[in-house]
Amino acid sequence: MKKFFTLFTCIFMLSIRLEAQVQLSNLPVQQPIHGCWYNPDTQEWLLGFFKNFAIYEDDIWLYQSMNIRKGKVEITLEKGNESRMIKLKFDNKQDSICTAILPDKRQLKLTRHSTQPEFKCKDHRTFIDNGYYTDSVTLIGYLQHTERTSPFSISIPNFYTDEEDTYYADIDSQGCFRITFPVINTTSVFLDWGKEGIHIYDVVEPGEKIFLYHDYATNRTQFMGKNARLHTELRNYALYPPNKEYSIYVPYYDKTLSHEEFMQKLKDIYQTKVNILKGYTDKYPSLSDRFMQYIQSGYTMDLASYLMQRRFALRRGFNKEFFDKPYADYVDSLYNRLPQPYTLQRNTNSFLRDYLGYYNSIFSTAITLGNIEVLRYLDQKQIHPLNKQQKEDLLAYEHAIDFSILGKHYGKDSLEIDSLALPYKEGMLRTNELLNDSSILHLCQQYQSLIPFLMNKKEIDDQLICFEQIKASPILKEWIVTKAFYNNMEYKRKELDEKILEYFKQLVTHQEFRSTIMNRQETYIALSKQEMNYPESLKETDHLKDSNDADELWHTLIDPYKGKVIYVDIWGTWCGPCKKEMQLVAPIKDEMQNKDVIFMYFASNSPEATWKNCIKEFRLTGPNIVHYNLPQKQQQMLGQKFSIHSFPTYILIDKDGNITDMEAPSPSRKAELINRCNELLTK
């Protein structure tokens, strides 16, 4: 009986102990350990204790066990097969101070903060420059006190285009998420820039691991990781009232401002931002070197980017307009202050696009002449060298032809055309003689087969001509060359010709840049070989090439679909916005596939291979989709019939074949488009 009583007592006591541990592991972890704990000497966030898990070593850990005795806590954390033990001893008078013995045997005094810490020590670290090779960043997060359903988003500028790449992480029921995303070198990043987001503008380094904690109840954000201080400093500055409240925009197209006045306004904005930063640094003198570099270079690139946006307000086409010397000289001075690495600021990308585009436009011409490109090729290959005068004359000839063609296009009289072309007249006459020389004519005929390659090469070279006039480091040159080839592929939506690919390899030696182009090349080769799904969507148009009546042509195209609603998209493979919208169509056409709705596409000036690749890439075939790539004359007839002046153009046609909307909703307005189609179906 005594043994039975002893055994019963042991089991009862053990069950009480186990029950206490279960309650503690589920927490309420309230006092004395709940919250975020810091090293007061460095202000480093080391520990976070929350209801169902802890945050330690930049990650989430579960509670394996927890023993709380008066003034002391012993906690075992687990993550997969790993475990860590942490011991805490609290101050007798304050539960916001404790001594922690960490798994690495460090014994530190920690404090619990309810407000954002201020860093007191200096930090002279510089940004990582990994030579522009792909690496990754891992972001782990805990969003407390939120019921949001949208994913956490990460947007970074694409190194090869002028667009953003966005990655998403689903948030679990406890508010936690984890994501690893690629970066090329140290780069700026938008964290959670959405409707329910916390909107953080930050910078990340290759190979970095970040833990982000945000409490929606207090709008407080904490970071853990090797760059936690920098992330915290940038977040604090973003919330600094004078900085947060100051915002002004000067439209680049404001014709009431001269270039000088526009530049001065932007300089004033820049100086105001610098003054706000100075006020902040006076208040917090120990801000890190990287914080200062990032903010200052950001202001510089903002200024440079906005100044170059002004180029879109310049007169283009016939008799192009350029900036005056003081304006151009000032922008040049900003170009010479590009931040390092070049990926550090997102506006560097847009600034370089506009800066190079502006200078390229000074030296480039709107036309490409086959025989002139042959002569340039023969000169480069030393097959038929040209002297300096002849090279200048070729360019003069192109400019003179430019003035003639563009002048007629813009309705200018011959006197004005001749006046502007006068400086190029002598060079044009000498080039005329050269091109009509019998030996040159023979050479050009001999190399006639190279003209398609040379014309394609000229398209790329036109983006690079100013390299001889401006300073650029070798890595910057190779980056910009890679962008030119990459964009050429994206524009045409097809692989590069083998000769063009070899030309690229001559210009670029950087392995990462080479791999990027080769990977894209393989993608487009595979796309070209891919079978067209539901080829019946592509309609034959040869029988329409003799059509001369736009109304008759239009009815021939739409009459087979009487009784159905028709959504017309007039687009072109050369049109970036067209292709961006087309990427959004697949889910819409899938949703409408069992309804009497036809998606009808008219491609304008679109090469067949590129046209077919776009259709395959965007999954735009099916029983409810038809594509026309009409002969140029017939496409122009439709353009004139409907006064098409912009691309893409969307048109809605009812079941009786009547146009109901010449400005129909675009695919990016999905809900509106579907509702509009459904309305027409019921009529």
Side-chain angles (χ1 to χ4, degrees), residues 150 153 155 158 161-166 168 193-195 253 312 487 490-493 534 537-539 554 557-558 561 564-606 610-630 635-636 638-655 657-683:
S150 61
S153 65
S155 294
N158 188 302
T161 70
D162 297 317
E163 298 180 351
E164 298 278 321
D165 289 333
T166 303
Y168 296 94
W193 213 264
K195 186 177 178 182
Y253 49 80
F312 296 109
N487 289 328
E490 294 303 286
Y491 176 78
K492 295 184 175 180
R493 236 63 184 190
Y534 203 85
S537 288
L538 277 62
K539 300 301 180 183
W554 178 245
L557 296 167
I558 68 167
Y561 307 102
K564 297 186 178 185
V565 172
I566 304 175
Y567 180 60
V568 174
D569 181 346
I570 300 176
W571 68 294
T573 57
W574 40 266
C575 167
C578 298
K579 290 180 284 191
K580 196 167 187 178
E581 287 285 345
M582 290 178 81
Q583 295 178 52
L584 306 174
V585 175
I588 299 174
K589 62 102 173 173
D590 289 346
E591 190 168 332
M592 305 296 287
Q593 65 182 347
N594 295 321
K595 298 183 179 182
D596 287 333
V597 176
I598 293 293
F599 293 80
M600 184 177 289
Y601 292 86
F602 292 97
S604 177
N605 296 318
S606 299
T610 302
W611 174 61
K612 289 181 177 178
N613 277 357
C614 284
I615 293 168
K616 287 187 280 189
E617 184 177 357
F618 303 142
R619 296 196 301 116
L620 286 183
T621 56
N624 58 343
I625 290 187
V626 292
H627 288 276
Y628 290 101
N629 195 356
L630 294 169
Q635 186 63 35
Q636 286 175 344
L638 293 184
Q640 291 167 0
K641 174 180 171 61
F642 296 117
S643 300
I644 304 299
H645 299 298
S646 63
F647 294 83
T649 290
Y650 303 105
I651 303 171
L652 269 172
I653 302 169
D654 67 17
K655 292 186 288 185
N658 301 312
I659 292 175
T660 63
D661 196 342
M662 279 297 298
E663 296 182 359
S666 64
S668 56
R669 294 153 59 192
K670 177 182 175 183
E672 190 179 347
L673 173 57
I674 289 174
N675 289 339
R676 191 76 186 92
C677 289
N678 286 332
E679 285 173 11
L680 292 175
L681 286 170
T682 59
K683 292 182 179 179

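Atom set for the values below is all heavy atoms of this structure, side chains included, hydrogens, waters and symmetry mates excluded.
- Across Pro648 and Cys578, no two heavy atoms sit closer than the pair N-SG, 3.4 Å.
- Side-chain atoms of Tyr650 and Leu673, non-hydrogen and from C-beta on, never get closer than 4.5 Å to each other.
- With salt bridges taken as basic N to acidic carboxylate O contacts below 4.0 Å, none links Lys579 and Glu617.
- Interatomic distance, Asn605 CG to Thr610 OG1, rounded to the nearest 0.5 Å: 12.5 Å.
- For the atom pair Glu164 CD and Asn158 CG, the distance stands at 9.0 Å (nearest 0.5 Å).
- Counting only heavy atoms from C-beta outward, the side chains of Leu638 and Ile570 never approach each other to under 4.5 Å.
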Working note: Trp571 + Glu581, criterion side-chain contact (heavy atoms from CB on, under 4.5 Å); need CA distance, chi angles, decisive distance, verdict.
CA-CA 10 Å; Trp571 68 294; Glu581 287 285 345; over 6 Å; no

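- In terms of heavy atoms, Lys589 sits closest to Asn624 at O-ND2, 3.1 Å.
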Audit row: Asp596, Lys655, side-chain contact (heavy atoms from CB on, under 4.5 Å) steps and yes/no:
CA-CA 9 Å; Asp596 287 333; Lys655 292 186 288 185; 5.6 Å; no

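- Contact annotation: the side chain of Val568 approaches that of Ile653 to within less than 4.5 Å [non-hydrogen atoms, C-beta and beyond].
- The two residues Cys677 and Val565 come nearest to each other via the heavy atoms O-CG2, 4.2 Å.
- For the atom pair NZ of Lys616 and CG of Leu538, the computed distance is 9.5 Å after rounding to the nearest 0.5 Å.
- Within the 4.5 Å cutoff, side-chain heavy atoms of Lys595 are placed close to those of Asn678.
- The heavy-atom pair separating Thr621 from Ser537 by the smallest distance is CA-OG, 3.6 Å.
- Remark: Arg669 CZ to Arg676 CZ distance equals 11.0 Å, nearest 0.5 Å.
- Around atom NZ of Lys539, more than 12 heavy atoms belonging to other residues, nucleotides or ligands sit under 6.0 Å away.
- Taking 4.5 Å as the limit, some side-chain heavy atom of Arg493 sits within range of a side-chain heavy atom of Phe618.
- Scanning all heavy atoms of the two residues, the minimum distance from Thr166 to Ser153 falls at CG2-CB, 4.2 Å.
- Between the CG atom of Leu681 and the NZ atom of Lys564 there is a distance of 11.0 Å, given to the nearest 0.5 Å.
- If you check the side chains of Asn629 and Lys612, you find no donor sitting under 3.5 Å from an acceptor.
- In this structure, Glu672 and Asn675 have side chains that are not in contact, with every pair of non-hydrogen atoms separated by 4.5 Å or more.
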Assess the residue pair Tyr567 and Leu652 against the criterion (side-chain contact (heavy atoms from CB on, under 4.5 Å)); give the C-alpha distance rounded to whole Å, side-chain angles, the decisive distance to 0.1 Å, and a yes or no.
CA-CA 5 Å; Tyr567 180 60; Leu652 269 172; 3.8 Å; yes

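- With Phe647 as the partner, the ring-ring contact (aromatic ring centres under 6.0 Å, His included) test is satisfied by one option alone out of Tyr601, Phe602, Trp574: Trp574.
- Taken from CE in Met662 to OG1 in Thr649, the straight-line distance is 6.5 Å, to the nearest 0.5 Å.
- No side-chain heavy atom of Asp654 sits less than 4.5 Å from a side-chain heavy atom of Lys683.
- The shortest distance between side-chain heavy atoms of Pro587 and Leu584 does not fall below 4.5 Å.
- For the residue pair Ser606 and Thr573, the shortest heavy atom distance occurs at OG-N, 3.0 Å.
- Ring orientation note: the planes of His627 and Trp611 are nearly perpendicular, at an angle over 60° on the 30°/60° scale.
- The number of heavy-atom neighbours closer than 6.0 Å to NZ of Lys641, taken from other residues, nucleotides and ligands shown, is above 12.
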